[in-house]
Amino acid sequence: LDASAASTDVGDEILFEDGTGDGSIVLNTAGTVLQVKSTTIGDITATTTSATFADIVGMSVSITPKSVTSNMYISVSLFYGHNSNPYGAVFLLRNNELVTRGDKAGAANTQQVTFSLTATEDAYRVTPASFTFLDTTVDPTEELTYKLQWNSYNNIALYLNRPHTMDNNTYSMTTTSTITVMEIGG
C-alpha cells in the first residue's frame, strides 16, 4: 500500500485513488461482501413454450464491481408451474454470455444447462428451484448483468410465480422469484 496515496474516509470504507485519476476503489479483505444487488419479481406474466432459450422477463440484475479482484456470488430462487413434464431448463448468463453449464455427455443432443426444472404432475402446484454459483471470471472494468433464460423441450407452458391452472380457491398460490448477486472481495 502506497502511504502517499490520497484517501477519503467515508464511514466504514476507506477509498483510495486508483491511480487513473477517474475514480476510486475500495480497500477490501478477501472473502468479505462488498455489495449486494438483488431483483425480486412477483409478476405472473413470464411464460415460455419455446424449445429455444428465452429470457425470463424481469429475472436480471446488474452490478458494477468495486474491486479488481472480486468474484460474484449468484443466488437464484424461482418458482414455476406447468401441467406436464416440460423437460424445462435454465441458463445463467453474464452480459449475454453463458456463465456455467454441465458437460457434454453421451448423445449429441444432450442439453448443457445451468440447472433443470423438475416435473410434478400437479397443474395446481408451484414448484421451487434454486441455484448458487461463484463466478470467478468476471471483468472488473465493466458493469455486469446477470440474467436467466429458460426453455421447455416439449413446448409445454412454463409459468413464472404461478401454477399452470389457477382458479378462485386458496390452493391457487402465486409467489415471488429472486436473483441476487453479491460481490465478494478476492
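For the atom pair Lys66 NZ and Leu34 CG, the distance stands at 7.5 Å (nearest 0.5 Å). Between the OG1 atom of Thr137 and the CD atom of Glu97 there is a distance of 10.5 Å, given to the nearest 0.5 Å. Here CD1 of Ile179 is found 6.0 Å from CG of Leu92. Values are rounded to the nearest 0.5 Å. Atom CD1 of Ile74 sits about 9.5 Å away from atom CG of Asn71, to the nearest 0.5 Å. Between the CG atom of Leu98 and the CD atom of Gln149 there is a distance of 8.5 Å, given to the nearest 0.5 Å.
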- Starting from the C-alpha separation in whole Å, work towards a yes-or-no answer on side chain to side chain contact (heavy atoms under 4.5 Å, CB included) for Ser38 and Val181. CA-CA 6 Å; Ser38 188; Val181 178; over 6 Å; no
In sequence, state the C-alpha distance, the side-chain angles, and the governing distance for Thr174 and Asn161, and then conclude on side chain to side chain donor-acceptor pair (under 3.5 Å).
CA-CA 5 Å; Thr174 60; Asn161 296 330; over 6 Å; no
Item to check | Evaluation steps, side chain to side chain contact (heavy atoms under 4.5 Å, CB included), between Met182 and Gln35 | outcome: CA-CA 6 Å; Met182 291 183 272; Gln35 63 175 318; over 6 Å; no
Apply side chain to side chain contact (heavy atoms under 4.5 Å, CB included) to the pair Thr180 and Val36, showing each step before the final yes or no.
CA-CA 7 Å; Thr180 302; Val36 177; 3.8 Å; yes
Side chain to side chain contact (heavy atoms under 4.5 Å, CB included) assessment of Leu148 paired with Leu78: CA-CA 10 Å; Leu148 299 178; Leu78 62 88; 3.7 Å; yes
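Listed by chain and residue number, Asp135 satisfy the salt bridge (Lys or Arg N to Asp or Glu O under 4.0 Å) test with Arg94 (two or more places apart in sequence, or in another chain). Under the ring pair (Phe, Tyr, Trp, His ring centres under 6.0 Å) criterion, Tyr159 pairs with His164, not counting sequence neighbours. Listed by chain and number, the residues in a side chain to side chain donor-acceptor pair (under 3.5 Å) with Ser62 are Thr145 (sequence neighbours excluded). A search for side-chain contact (heavy atoms from CB on, under 4.5 Å) contacts involving Asp43 returns Thr45, not counting sequence neighbours.
Sorted by first and then second residue, the pairs that involve residues 147-156 and meet salt bridge (charged side-chain N to carboxylate O under 4.0 Å, His left out), not counting sequence neighbours, are Asp55-Lys147. Pairs of residues two or more places apart, or lying in two chains, never qualify as salt bridge (charged side-chain N to carboxylate O under 4.0 Å, His left out) while including a residue from residues 151-174.
Here the side chains of Ile63 and Met72 are in contact, with some heavy-atom distance below 4.5 Å. Side chains of Thr132 and Tyr73 form a contact here, defined as non-hydrogen atoms less than 4.5 Å apart.
With hydrogens and angles disregarded, a donor-acceptor distance shorter than 3.5 Å links the side chain of Thr39 to the backbone of Ser60. Glu183 places no side-chain N or O within 3.5 Å of a backbone atom of Ser70 that could act as its donor or acceptor partner.
When all heavy atoms of Pro65 and Glu142 are compared, the closest pair comes out as CD-O, 3.2 Å. Closest non-hydrogen pair, Ala89 versus Phe53, comes out as O-CE2, 3.6 Å. Here the closest non-hydrogen pair linking Pro140 and Ser67 is CB-O, 3.8 Å. When every heavy atom of Leu160 is checked against every heavy atom of Ser177, the shortest pair comes out as CD1-OG, 3.6 Å. Taking every heavy atom of both residues into account, Gly42 and Thr176 meet most closely at CA-CG2, 4.0 Å. Considering every non-hydrogen atom in both Val126 and Met173, the closest pair reads CG2-O, 3.5 Å.
Transitive grouping of hydrophobic side chains (ILVMFWY, heavy atoms separated by less than 4.5 Å) keeps Phe79 and Met59 in distinct clusters. No single ILVMFWY cluster, assembled from side-chain heavy atoms under 4.5 Å apart, contains both Ile184 and Val76. If you chain together hydrophobic residues whose side chains sit under 4.5 Å apart, Phe131 and Tyr80 fall into the same group. Linking ILVMFWY side-chain heavy atoms closer than 4.5 Å, directly or via other members, places Val99 and Val138 in a single hydrophobic cluster. Tyr146 and Phe133 fall within the same hydrophobic cluster, where Ile, Leu, Val, Met, Phe, Trp and Tyr residues are linked whenever their side-chain heavy atoms come under 4.5 Å apart, directly or through other members.
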